[in-house]
Amino acid sequence: MTDEDVLAKIKASVLGLTEEPKLARPRRITARTTPDKVLTVLSGLKDAGCRHLSAISSVDLGDAFEVIYHVSVGGVLVSLRTSLPKATPLVPTATGVFPVAVLYEREAHDLMGIEFEGHPDPRPLLLYEGWPEGQYPLRKDWKPPTGGEKHA
Amino acid sequence: MLKRLATWARKKSPWILLFNSGACNACDIEVLSLITPRFDVERLGVLAKGTPRHADILIVTGPVTLKQMERLQRIYDQMPEPKYVVAMGACGALGGIFKGLYHVVGGVDKVIPVDVWVGGCPPRPDEIIDGVVKVLQLMDDDAKHGGKGWRQKPQEVAA
Amino acid sequence: MSALLVLYLLVFPGVLFLLGFAFFAEWYDRKLTARMQNRMGPPLVQPFADFVKLLSKEDIVPDGVPARLYAAIPLFAFAAIATAFLYMPILGTASPFGFGGDLILVLYLMTLPTILVFLLGWTSNNLFARLGSVRSVSQLFVYEVPFFLAALGPALMVESWAVGDIVAAQEDGWWAILIQPLGFIALIVALQAKLERVPFDIPEAETEIVAGPLTELTGKKLAVWNLMKDMLLATGAALAVALFLGGPTLPGVTFGGIEGAFIAFFVFLGKVLLVLLLLALLKAALGRLRIDQLMDWGWKVLTPLALIQIGIVLVLKVVRVL
Amino acid sequence: MPEVEIPIGPQHPALKEPVNFKVIVDGERIVRLDLDISYNHRGIEKAAETRDFHKALYLVERICGICSHAHTTTFAKGVEALMGIEPPKRAQWLRTLVAELERIHSHLLWLGVAAHEIGYNTLFMYAWRDRETVQDILETISGNRVNYGMNAIGGVRRNISDSMRIAILGGLRVLSERAAYYTQVIREEETLLVRTRGVGRLPTERAVALGAVGPVARGSDVSFDVRRDDPYLAYDEVPFDVITSTANDVFGRVEVRAKELVQSVQMAIHIVENLPEGPTMAKAPRTAPVGEYVSRLEAPRGELLYYLRTKNTDKVDRVGIRTPTLANWPSVVEAIQGHVIADIPVVVAAIDPCLSCTSRMTFVDTDGGPKGSLSWDDLVAYGQKYYREKEGLP
């Protein structure tokens, strides 16, 4: 499956994309959608052959959050991007389509504070039990309370 | 006489327990390669033990992460006296490259009293053996002075 | 006469010698295993140093544990094995304490530590210890039966339960191993399982449940327990030598008095080293079995092996060959 | 049946690194596994944003001691792509060489630890004795046994002289015999086979659904290898093939890793023998333009993925790291169902977890039944009954 075949297949069969998918770099395709259409696009991609969810990255753009689903078939990696409003970063969970997503979503929730609607187990993932609620370390505006020294 | 025999025995069979308090496991694999054929510390009487109850020397690797903090404390409390702690590498000393990160407390001595620091990132196995030998010398000195009280705190040395 | 007996009891083949012999057996075993693993291995004085160090360590009794019982268990085991060793013929074909049924007594005394390990694990109020003790009892059934059957073989051949008579019968060079090789194999493998050494160290499987029943043991109790383990190793090897390798006798070599005892001792020592070599080989060459695999293997291979051996001996008896 | 919850870890002899398994067992049979791995989460992604590229390279190298070169190569390769520069050919080949040497080092380490987990210490000693040969080679090249510090933005910091080349080839020949010996051992050694065959089953479609990567996926017949599918560095010029096994269980993963060991040695010999001439460093600009890039690499444990985002400064704006072991944990939870406690170390060791890499991730089985705790009388009764039934059966 060369890059062009995958691109062509996505353009043909995947619906719900808000932008024209383009080949940014060799074997890297970028696409964009809105939060409510994420699941339809993901299952469309899965049927189009991208059955391996490599990772979910979360980015804090300052004025909005961005969740990027990296789905791959063989060497070609499709990065599906959705942006979420700063106040209510909410997106439906992808565990239905990709079971392994439960891990990546918990990481994004823990460190970036992005809510995944319908997530089977939203317990804290990385931070220790005594971590103060509502503190999301990877956000740009977050400063460690005591300069990162002793916390307890 | 009995006391000298006890100190001799402690120096001849120091059993170690490895505890990874959030390290990047480079130090762990170097400590592990101590018991393998090339360095083989069993010829010095060192055995790697699984439970804190059987161990004399606790080798702590890595900067103490917040989550490992009270577990490290609990492990240290479970060990029978006389017990010694070796902090491994730059992370064990002051948190190394991870100093100042939000989930890291810093050096091991912020949580439990440390007897010997082994420098390096990761320290080579022969440096670790040198660390264990230094602990054995400390055992001798402690026996002469009756316990650990005589030792100067690192801060006093610095002052 | 009684002074000599007391000397025999306390000094030579008695408790004092047994301590030294146990430490030597542990060193020999650890050194052999290390050399087989391409390593240097510990110095001769290592087991003694471990023992004295553990004696000088702080003795922690976890809360919720009956302190006196917990401290007494290792001593019970120590006493059981020390008495078992007394019935081993070392200087002559029979030990002065030998009597009609001492083989049964020895076998019973050697089973006691496993029961005590269960008690130890159970009272030490630690999850790993409890799981380890359940495993050690489950494992008990698998190796006790073949161990007894294998020991039954030579006794059946000589038609007597006294270790002394069994050794005497083998004086003419017809060692039991030549007639009952299967019995010897079953005994060695069952002995390895009784000592809970790899591939049968499931109760103390270090990588699964920390140290099994010994997890909470510290200081003097651990020292006595490790010492008892070494003595069990030495006694087991001595029993194997007595039953199958003709004890301290060499075909055609008989000396009375002091020289006889002297030679007998070194012959005995040589054979024990051979058996220990076999055990160390087993330990180095194999990985640990799972508890259910051990169960199947024990019932389907080890016990039938001993049973076949008994069958052969019975057939030989009927045919009057023996 | 009431279940007993047994905590294994975070300090446990089987695990060289802190992970906490809450094992829900039924006598000896495992009903459910709840594992918590974030003991050595240090917050590296946040720190990387406050350091310029060169300093971040050192930080990224210490995510995991065993696959440090994999992390620095992925990071450096990503930043170079964003900067639009291409390291010279010789630097690419040297990076590939150290990557393969690290794979040999990591697979030998894993072979030893896995053997240790099932109590087979002699193989542990042998494997680690041979690992010292690889570490000597790495030390001649980079001066350090672990954390080699080979990479820099734009090329490689060390070079190989002809005398070193002879020493390396000598070491590699010794290794190729040893690797062949180990592939034979894992196939014939009875105690290994008894503990690995049929244990930790993971059918192919489950492996894909659960997002398994590396030898875990290839052990379940999923032919996915970043070196071939998404070629980088010099992998398109070095002959190799992707090894898979159809055993779909722990033995399959063991077999794949052993064959990869043999192949990595051959690849390393090939690279050292026809190393192209030329410089080893390219001039790198101080800042990287605005842009995003997903840099992928086949680490010893599987596909390592870096999401990099820069905005015309000398620092990374965001780095998202997804390590191979993170993707393999669901496969462990699925493969361990129904086994006995004795199998936990084996199945876990089979994915060769690198927890410092993961330093994140907890996963709970989604059908969570009621958790109860058992008094010890029940435990005794249940343990005995469990074995009597077991014995009664055969």
Side-chain angles (χ1 to χ4, degrees), chain B residues 1-19 32-58 71 74-84 125 129 132 135-136 139-140 142-143 146-148, chain C residues 23 26-27 29-63 65 70 124-129 132 201 204-223 225-226:
Chain B
M1 215 310 267
L2 214 58
K3 211 158 167 23
R4 267 206 355 273
L5 182 66
T7 319
W8 167 81
R10 276 187 208 131
K11 273 174 56 185
K12 273 283 180 271
S13 95
W15 289 356
I16 58 172
L17 166 70
L18 172 65
F19 184 75
L32 253 177
S33 59
L34 283 184
I35 44 179
T36 54
R38 173 175 280 192
F39 295 99
D40 185 27
V41 278
E42 196 181 352
R43 58 192 157 82
L44 308 171
V46 177
L47 279 181
K49 279 294 173 186
T51 131
R53 293 283 193 235
H54 296 182
D56 306 320
I57 302 176
L58 174 65
R71 285 160 178 89
R74 208 181 305 153
I75 290 281
Y76 181 69
D77 297 342
Q78 281 174 355
M79 285 172 68
E81 285 300 330
K83 50 192 172 192
Y84 290 84
I129 294 180
V132 172
V135 170
L136 303 187
M139 283 185 189
D140 251 348
D142 287 355
K148 297 187 178 180
Chain C
F23 285 143
E26 182 196 343
W27 170 78
D29 177 59
R30 273 171 70 176
K31 189 76 174 177
L32 268 182
T33 321
R35 294 306 291 159
M36 284 179 212
Q37 292 175 349
N38 210 279
R39 289 185 295 121
M40 277 284 288
L44 180 63
V45 79
Q46 190 58 47
F48 177 67
D50 292 349
F51 180 69
V52 171
K53 178 206 79 174
L54 282 174
L55 283 183
S56 65
K57 290 283 282 187
E58 175 199 0
D59 204 343
I60 299 176
V61 178
D63 48 20
V65 166
Y70 197 56
S124 67
N125 196 359
N126 168 315
L127 200 64
F128 294 129
D201 67 341
E204 290 156 25
E206 192 221 21
T207 52
E208 283 150 29
I209 41 171
V210 190
L214 310 179
T215 315
E216 291 296 338
L217 217 54
T218 53
K220 295 186 234 353
K221 300 191 284 290
L222 182 60
W225 190 265
N226 286 348

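Below, all heavy atoms of this structure are taken into account, side chains as well, without hydrogens, waters or symmetry copies. Numbered from 1 within each chain, the chains take letters A, B, ... in sequence-line order.
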Student: Answer with side chain, backbone, both or neither: which region of B:Trp15 has an atom nearer than 4.5 Å to a non-hydrogen atom of chain C?
Tutor: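 B:Trp15 touches chain C through backbone and side-chain heavy atoms alike.
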Student: Pick from C:Gln37, C:Gln46, C:Lys31: which one has the most heavy-atom pairs with chain B under 4.5 Å?
Tutor: C:Gln46
Student: Let's test your reading of the structure: which of B:Glu81, B:Arg38, B:Lys83, B:Lys3 forms the most heavy-atom pairs below 4.5 Å with chain C?
Tutor: B:Glu81
Student: Does the ring of C:Tyr70 carry C:Lys221 above it, NZ/CZ under 6.0 angstrom from centre and within 45° of its axis?
Tutor: no
Student: Could B:Arg10 and B:Asp142 be called an ion pair, given the rule that one side-chain N must be under 4.0 Å from one carboxylate O?
Tutor: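 So B:Arg10 does not pair with B:Asp142 through a salt bridge.
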Student: How close do C:Lys57 and B:Pro82 get, counting heavy atoms only, and between which atoms?
Tutor: NZ-O, 3.2 Å
Student: Go through the atoms of B:Leu2 and report whether side chain, backbone, both or neither lie under 4.5 Å from a heavy atom of chain C.
Tutor: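 B:Leu2 has no heavy atom closer than 4.5 Å to chain C.
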Student: Backbone N or O of B:Tyr84 within a donor-acceptor pair of the B:Asp56 side chain at under 3.5 Å?
Tutor: no
Student: Is the B:Trp8 ring parallel, tilted or perpendicular to the C:Phe48 ring (thresholds 30°, 60°)?
Tutor: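 Aromatic pair B:Trp8/C:Phe48 classed tilted.
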Student: What residue in C:Ser56, C:Gly219, C:Ala34 has the most heavy-atom pairs under 4.5 Å with chain B?
Tutor: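 Result: the option with the highest number of such pairs is C:Ser56.
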Student: Just so I understand: if I count every heavy-atom pair under 4.5 Å between each of C:Thr218, C:Leu55, C:Val52, C:Asp50 and chain B, which residue has the most?
Tutor: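 Heavy-atom pair counts peak at C:Asp50.
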